[in-house]
Peer 1: 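Okay, handing you the structure first.
Side chains included, hydrogens not; waters and symmetry mates left out as well; all remaining heavy atoms used. Within every chain, numbering begins at 1; the chains are lettered A, B, ... in the order of the sequence lines, protein sequences first and strands thereafter.
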Amino acid sequence: MSGILTYALHYGSEINKNSTGAISEAARLATEIGGEAHAVVVGEDVSDELCQSIGAYGASKVYRARAPEGLAQPVVDVMAKLISDRGYSYALFGGGLLGFEIGAGLTARLSAGVTMEVTDVKAVDGKLVAVRPILQDSSVVDSGYVGEPGIIIGRLNAFEADGSQDGGSTEVEDVEVELSEWSTKATMVARGEQRGADVNIEDADVLVAGGRGLGRADGFAELCEPLAEALGGAVAATRAVVDAGWYSYSAQIGQTGKTVAPKLYLAAGISGAIQHKVGMQGAENIVAINKDPNAPIFEFSDLGVVGDLNKIMPKLTEAVRARRGG
Amino acid sequence: MKICVLVKQVPDAAVEKRVNESTGRLDRSGEKNLNPFDTHAIEAAMQVKEGGKADVEEIVAVTMGPDNAQRALHKAVSLGADRSIQLTDDALAGSDVCATGYALAKVLEAEAPDLVLLGQQSDDGECYTIGAVVADHLKMPSLTQVIKMDVGDGSLRCERQAEYGYDTVDIALPAVISVGDAINEPRYPSLKAIMGAKKKQLDRKAIADAGIEPDRVGAEGSRTSVEAINPPPPKQAGEIIEDEDTNETVEKIVAWLDERKLLA
Ligand SMILES: Cc1cc2nc3c(=O)[nH]c(=O)nc-3n(C[C@H](O)[C@H](O)[C@H](O)COP(=O)(O)OP(=O)(O)OC[C@H]3O[C@@H](n4cnc5c(N)ncnc54)[C@H](O)[C@@H]3O)c2cc1C
Ligand SMILES: Nc1ncnc2c1ncn2[C@@H]1O[C@H](COP(=O)(O)O)[C@@H](O)[C@H]1O
């Protein structure tokens, strides 16, 4: 069977948006190459309802396996067994950390070809070709697969979720898979801890985002917050500074943070790594301040300012205040 | 305890990265350096060694790469590794992730480390995956993107950011961990360490020495094939202002924002 198997990541009673995107993409591709799209949910206590909800995105069958949640290796065991026993041609993942780890594990286990950061998948003569930008998006490679299965790991938000199918007939099948010994050697102690204050950035029309170029945690209070206030917006951050404890996790934009599309995104001291870009490239206007003229962010900013943010931001705040009469 | 650190030689970030149109591979000519993300893995190994919670006998840097990839190993040793291993063989050229992970795992298998550390990504390949591939071959538990790692009794307590916030995971040794670049601030090598690096033991292995099956590596053994390389979709270049006189710069930014009605 030339089916496509996907993984549906869940947390609480919700399926991750990148997973539903992957399922919809798999369903679209399956009709093109002939076959069905099926999904796997792994967890301690996954409800029938949650499994059934996946049907709306186009999966005609959902496998449910009981194993620890939030870790990749148990999912590798489950998917590897399903692929070997039932013969899927491809495994497809939405953007995210676990998709990378599970896809990589399957690559080793099944001697499979893998392509990551995929932005598009094409069906050519009954086979799939993954489209992947490389070298900071300076080239785009069409990558085919030798043999089966092929592993496709999408970039964040690459696949659009379409939850409009009638999932009523979706079959839910419980599968029992013995975990590999090494898959049981990792234990989740705490999952999904939020660090720092809860802030709402998704509704802001204007975001002033700070990165490692601020040089210090105080840079947020001294430079970003006043400018955001002057512009009537909120403050956002990169993972680098959130991991460093400089700013709240809830303000993080990117692959493991939020996706935003404000009218104005002003990036200060941010290099513009792919994992950051995927969370903010939908902004209408992107302004970047960076002292490095070769910073990748200038490749996709509408206005790039090459200079020292310490000099520019305070004056810009003053000027905006004066202009807006604040 | 023995720690192996996987390190890669990559084109210097300052040099423009290119793809060779005829072979479809990365053009790896030009200045080379140790993958900057791997310096965090070496530093993490050093901190385990110096932390006093585990008795680290040895830190071994391991690379797979062409003849000249020794430079990366010298750098790794100057940053604290005790010795290094270079897997190098013409048969490895053109290996994809599947082949590279398999080959590296074969070298590691022979070393039987208690902990394998990697960087979060290679600067040129940007695959983020080698750690999890190697782990499955070695039958070891693994985590990627780890930003805090505390050594316990035969185990590690790791923290990382996943899709829903920070996860804390306990993981039994032996294990494979890729570290995120926020885990530490790598040290600078001392002049003495730089000078001494070339004198430290460096073992070169060909695929036969590592028991690697030739048909599973190289372009032939790879499971992906490059069908085409295209330029990215054309995009209108943004305006650029070089900040010379900051008052003027700010005036220009404000005018730009104003024009787009962003200051209303
Ligand atoms: C699996 C995975 C998931 C990830 N998820 C995310 C995510 O969700 N969000 C995210 O943001 N990142 C994420 N990352 C990390 C990402 O790859 C980058 O490391 C990160 O975005 C870099 O943050 P930064 O731009 O603040 O820091 P850097 O890359 O260090 O950039 C700092 C910039 O500041 C500039 N600068 C320095 N001083 C000054 C000055 N005085 N004036 C002006 N400019 C200055 C420098 O030139 C540089 O360009 C992820 C990575 C991986 C592998
Ligand atoms: N050829 C190689 N030799 C040794 N280590 C490697 C090699 N390629 C990748 N790695 C390791 O794997 C990490 C992730 O690389 P990648 O999956 O290519 O992004 C790097 O930071 C290195 O630690």
Peer 1: Between A/Q255, A/Q252, A/R239, which is the residue that forms a side chain to side chain donor-acceptor pair (under 3.5 Å) with B/Q161?
Peer 2: A/Q252
Peer 1: Show your reasoning for whether salt bridge (charged side-chain N to carboxylate O under 4.0 Å, His left out) applies to B/E227 and A/K127.
Peer 2: CA-CA 13 Å; B/E227 313 272 322; A/K127 291 195 181 331; over 6 Å; no
Peer 1: Look at B/L143, B/D258, B/L257, B/D96 and state which one has the largest set of heavy-atom pairs under 4.5 Å with chain A.
Peer 2: B/D258
Peer 1: Would you say A/E101's side chain and B/A132's backbone share a donor-acceptor pair under 3.5 angstrom?
Peer 2: no
Peer 1: Under a 3.5 Å cutoff, is there a donor and acceptor pairing between the side chains of A/E14 and B/Y164?
Peer 2: no
Peer 1: Verify, without hydrogens or angle tests, whether A/Q73 (side chain) and B/M140 (backbone) share a donor-acceptor contact under 3.5 angstrom.
Peer 2: yes
Peer 1: What part of B/Q236 is in contact with chain A, defined as an atom under 4.5 angstrom from a non-hydrogen atom: side chain, backbone, both or neither?
Peer 2: neither
Peer 1: Which heavy-atom pair separates B/V250 from A/A319 by the least distance, and what is that distance?
Peer 2: CG1-CB, 3.4 Å
Peer 1: Does the side chain of A/D137 come within less than 4.5 Å of B/P232's, by heavy atoms?
Peer 2: no
Peer 1: Between A/D243 and B/K148, does any NZ, NE, NH1 or NH2 come within less than 4.0 Å of an OD or OE carboxylate oxygen?
Peer 2: no
Peer 1: Which atom pair, heavy atoms only, marks the closest approach of A/Q136 to B/E126?
Peer 2: N-OE1, 3.6 Å
Peer 1: Does a salt bridge link B/E159 with A/R195, judged by any charged N lying under 4.0 Å from a carboxylate O?
Peer 2: yes
Peer 1: Count the heavy-atom pairs under 4.5 Å between each of B/D243, B/D170, B/T129, B/V169 and chain A, then report the option with the highest count.
Peer 2: B/D170
Peer 1: Can you find a pair of side-chain heavy atoms, one from A/E117 and one from B/Y128, that are under 4.5 Å apart?
Peer 2: yes
